[in-house]
Structure formats: structure tokens, C-alpha cells
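The model shown is predicted, which means the values in this text are computed figures rather than measured ones.
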Amino acid sequence: MRVLIAPDKFKGSLSAREVADNIAAGLRDVLPAATIEVAPVADGGEGTADVICQACAGDWVECDSHDALGSAIAARYVWLRDQSTAVMEMSEAAGMWRIAPHERDPMRANTYGVGEMLLDAAQRGAREITVGLGGSATNDGGFGMARALGFRFLAEERELTNGPAELVNLTRIVRDVKAAVPFPQIIAAVDVKSPLLGARGATRTFGPQKGVAPDELDLLESALSRLAEVIARDLDCDFRDAAGAGAAGGLGFGLMSFCGASVRPGFEVVAEAVGLKAAIERSDVVITGEGRLDAQTLEGKVPAGVARLAHESGKRVFAIVGATSESAAVRSLFEGLYVLAREPVTMQGAMMRAGELLQERARELGRAL
């Protein structure tokens, strides 16, 4: 029996590689004769660069940058030397993990540091840059990133240089030609299909997770709406309704508007990089997983993508997950579903004992096979 293990990370607990290795260890206990291949996957969120780095033998490089609140940091991204390609995650500079919970402030947080990372990769000679969008502490529509790339935002004659809240006063966008850097092809890898604005947009869907207070939602929504209006007039492009525009606090929109980026499902980008389709075709059974399996899984998360490719190749596919909802549509993707957080194990307990429980559930799955 040939088994492919292709999970995402269990956020806050284990990396995709650690998840895969623990599942493999459990399977080997009960299926010692099986040929097991591990292919950690990601969907454009945190962990994307690491997965591609491991699969493509990349190197980590560092550059000077700033976090979402302006503190100087050293940010890192992956450099694929043979392809002259950079793979980075916006969260490396502007992620929530960089900011203590009590310091998070989406009214001021910005993506300037992401622009600095893009500049570093361009100056290194990148022919292509892939940016994973996820885990952001920002809601600025790429305003900060664009400033780092030489765009100036004006309210009459006053330049706007702080957070996204002041964009409600935006009257004009100009590009500093002297500061402009020729940019390579940029791919924004996303795991959501959200537009920039509205009930499903960046602010109202994801803002509260980043600390946006109820009385701040309208202001930030108005700020991004104004940004989109001025971009449409001054830059002659309008991506506010594009799928993925709302990813990472509207950075998807910003990358399309200021950098001419193309937006692609992050799972597809990673699957191509790691050769996932070929790995599935040479397997008999496929096992995937993620920290929480729910309705959002269908929006482009790893388990849904793996299941789709497995079904296309006529392979049996199973999932081992931290927790799950009762969504019949999600459960129907898999021939079998094994959950870490089940009585008497709580979700918190499952996170603390993730490695041990992954091996335990993998042994259960192995016996069923």
C-alpha cells in the first residue's frame, strides 16, 4: 500500500511538516509494510514559504523591515536560486504574531514592511515574487506597502503617512518616479475569495479578529472605500470586487492595484510547487488534515484542495483534523474523518497533545485500512 500524507499546519500547535511526520509515525506502527510519502501543503497563509522552501530546496534570506506598528525588525523570505524567485508571507512583516495582543491597533497598523520585503526581493533580481496572504494585523488595503514602493497619498497638499483610518481624507495618489523600482511578476496567494468591501469584505469579515472595535468598523470601511475610489480615478484600475481583494486586510486589492499582481488560490500555488498531483497519482490512499475543518474549508483550504485532486485521480482520501463542525458538505469530502478533539479531549487539550493524538488517530486509520 502506498500512502501519501499531505496536511496543512495545525495553527498554534504544529507545522505542516510536524503534522505529516506524526501521522506517518502512527501509520508505521500498524502498517509497517506500507510505502509512506509525506508532502506538507499550505494554502497561502502562514507556513506557505516554509513548505515551498522544503520542497524546492530554497534558502532563507533576511532583510531590514518594519512590523505593522513601525518597529524595526529583520524579516525573512525564501529565495529559490535556480528560478530567481522569492516566496514570502506578508505576516512575516505585518502579521498578528509580531504584535502583542494588547498592542494590536488596526486603525494604525500598516503594511509598509511588506513593501520593504518586496523591494529587497526585486533588488536581489527576482523574476517572480509569490506573496502568501494570511495572518495579517492590518486593514489598510496595501496603503503602507504602496508607500514603501514610492506611492504618495495626499489629502489636498498634506501627505498621509500614518494608518488606514486617515484614508477617509484621501484626495489624490501620485507615484514618485524617482523612487519607483521595476517590479517582476507578483503572485498573491490567497485562501479566501472575499472582495475588498461589504459584508464579506476585509473589514467586516476579518476586522474583529484583529481588534477592530464595533464603532470602528464603519470608519475603516469608509477608508477602504475611499482608497478604491481614488485608485480607480488616478491609477485607472478597479479591483475592489475581485475575488481575494479582501485577503490580509485588503492587501490582495493593494497588490493588484499598485503592483499589477495576479491573485491565485494559495493551495494551487503550493500544490504546483511541491508536485502534489503527481504524488497523489502514485499513491493508493491520501491523508490530509488541518487544525479546524469547517465551512471555511470549502473556500480554498488545504483539505478541500487535496480531496478534489484525490477524487480526480480516483484515490481514497481521509482526513485527520484537530476539530470539526457538523457540516455535511465538508464531511462528505472524505471517506473517513478522524478528530483529535473528541470526548473527553477538549480543543485546548488537543492542541497541547497534538503530536501524541495525531499518532493515535493515525493508528486508528491504519487499522481501518
Side-chain angles (χ1 to χ4, degrees), residues 1-10 13-44 47-58 80 191 265-293 297-298 300-322 324 329-340 342 354-369:
M1 181 185 295
R2 294 164 298 180
V3 181
L4 174 68
I5 304 172
D8 196 357
K9 65 186 176 301
F10 278 32
S13 184
L14 299 174
S15 69
R17 168 64 65 173
E18 291 169 332
V19 172
D21 287 345
N22 276 287
I23 293 173
L27 284 180
R28 290 191 182 101
D29 287 342
V30 294
L31 297 174
T35 299
I36 297 175
E37 180 179 357
V38 298
V41 196
D43 55 19
T48 294
D50 188 46
V51 165
I52 293 178
C53 184
Q54 293 182 37
C56 301
L80 304 179
D191 63 355
F267 173 77
E268 292 182 7
V269 172
V270 176
E272 289 177 9
V274 305
L276 184 62
K277 186 173 179 59
I280 287 174
E281 289 175 348
R282 59 178 176 262
S283 69
D284 299 310
V285 173
V286 180
I287 301 172
T288 186
E290 67 177 348
R292 181 170 181 80
L293 196 74
T297 299
L298 300 174
K301 301 292 187 179
V302 165
V306 172
R308 175 176 55 80
L309 291 179
H311 293 155
E312 289 174 0
S313 297
K315 308 298 182 177
R316 303 166 67 193
V317 58
F318 299 82
I320 302 178
V321 302
T324 186
V330 174
R331 287 175 176 269
S332 67
L333 294 173
F334 310 103
E335 188 168 324
L337 181 61
Y338 295 79
V339 183
L340 272 57
R342 67 189 191 201
E356 169 196 346
L357 291 172
L358 279 166
Q359 293 188 37
E360 184 177 302
R361 301 296 183 264
R363 286 190 287 269
E364 293 175 15
L365 173 53
R367 286 190 285 270
L369 294 174

Please check if the side chain of [X] supplies one atom and the backbone of [Y] the other of a donor-acceptor pair under 3.5 Å.
| X | Y | value |
| --- | --- | --- |
| S283 | L4 | no |
| R2 | T35 | no |
| H311 | L333 | yes |
| R361 | V339 | yes |

Nearest heavy-atom neighbours spanning [X] and [Y]:
| X | Y | answer |
| --- | --- | --- |
| A273 | I52 | CB-CG1, 4.0 Å |
| A20 | P40 | CB-CG, 4.4 Å |
| A39 | L276 | CB-CD1, 4.4 Å |
| V302 | A6 | CG1-O, 4.0 Å |
| V317 | A310 | CB-CB, 3.8 Å |
| V38 | A24 | CG1-CB, 4.2 Å |

Can you check side chain to side chain contact (heavy atoms under 4.5 Å, CB included) on V19 and K9, steps first, answer last?
CA-CA 7 Å; V19 172; K9 65 186 176 301; 5.6 Å; no
Value rounded to 0.5 Å, distance of [atom1] in [X] from [atom2] in [Y]:
| X | Y | atom1 | atom2 | result |
| --- | --- | --- | --- | --- |
| L365 | E335 | CG | CD | 9.5 Å |
| I320 | I23 | CD1 | CD1 | 4.0 Å |
| E268 | L309 | CD | CG | 8.5 Å |
| T48 | D43 | OG1 | CG | 6.0 Å |
| L340 | F10 | CG | CZ | 5.5 Å |
| R282 | S313 | CZ | OG | 11.5 Å |

Pair E37, I5 - check side chain to side chain contact (heavy atoms under 4.5 Å, CB included), show working.
CA-CA 6 Å; E37 180 179 357; I5 304 172; over 6 Å; no
Under the side chain to side chain donor-acceptor pair (under 3.5 Å) rule, what pairs show up with a residue in residues 17-27, not counting sequence neighbours?
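Of all non-adjacent pairs touching residues 17-27, those that pass side chain to side chain donor-acceptor pair (under 3.5 Å) are S15-E18, R17-Q54, N22-Q359.
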One thing to verify: whether [Y] and [X] come together as a salt bridge, which I'm taking to mean a side-chain N less than 4.0 angstrom from a carboxylate O.
| X | Y | answer |
| --- | --- | --- |
| R367 | E364 | no |
| D8 | K301 | no |
| K315 | E281 | no |

If we only count heavy atoms from C-beta on, is the V3 to D284 side-chain gap below 4.5 Å?
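No - every pair of side-chain heavy atoms lies 4.5 Å or more apart.
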Residues that A319 engages under side-chain contact (heavy atoms from CB on, under 4.5 Å), provided they are two or more places apart:
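Listed in chain order: T288, V321, F334, L337.
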Would you check, one step at a time, whether the test side chain to side chain contact (heavy atoms under 4.5 Å, CB included) holds for I280 with V286?
CA-CA 7 Å; I280 287 174; V286 180; 4.1 Å; yes
Sequence neighbours excluded, which residues qualify as side chain to side chain donor-acceptor pair (under 3.5 Å) partners of R363?
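Side chain to side chain donor-acceptor pair (under 3.5 Å) list for R363, sorted by chain: D29.
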Intermediate values then yes/no, side chain to side chain contact (heavy atoms under 4.5 Å, CB included), F267 and D191:
CA-CA 7 Å; F267 173 77; D191 63 355; over 6 Å; no
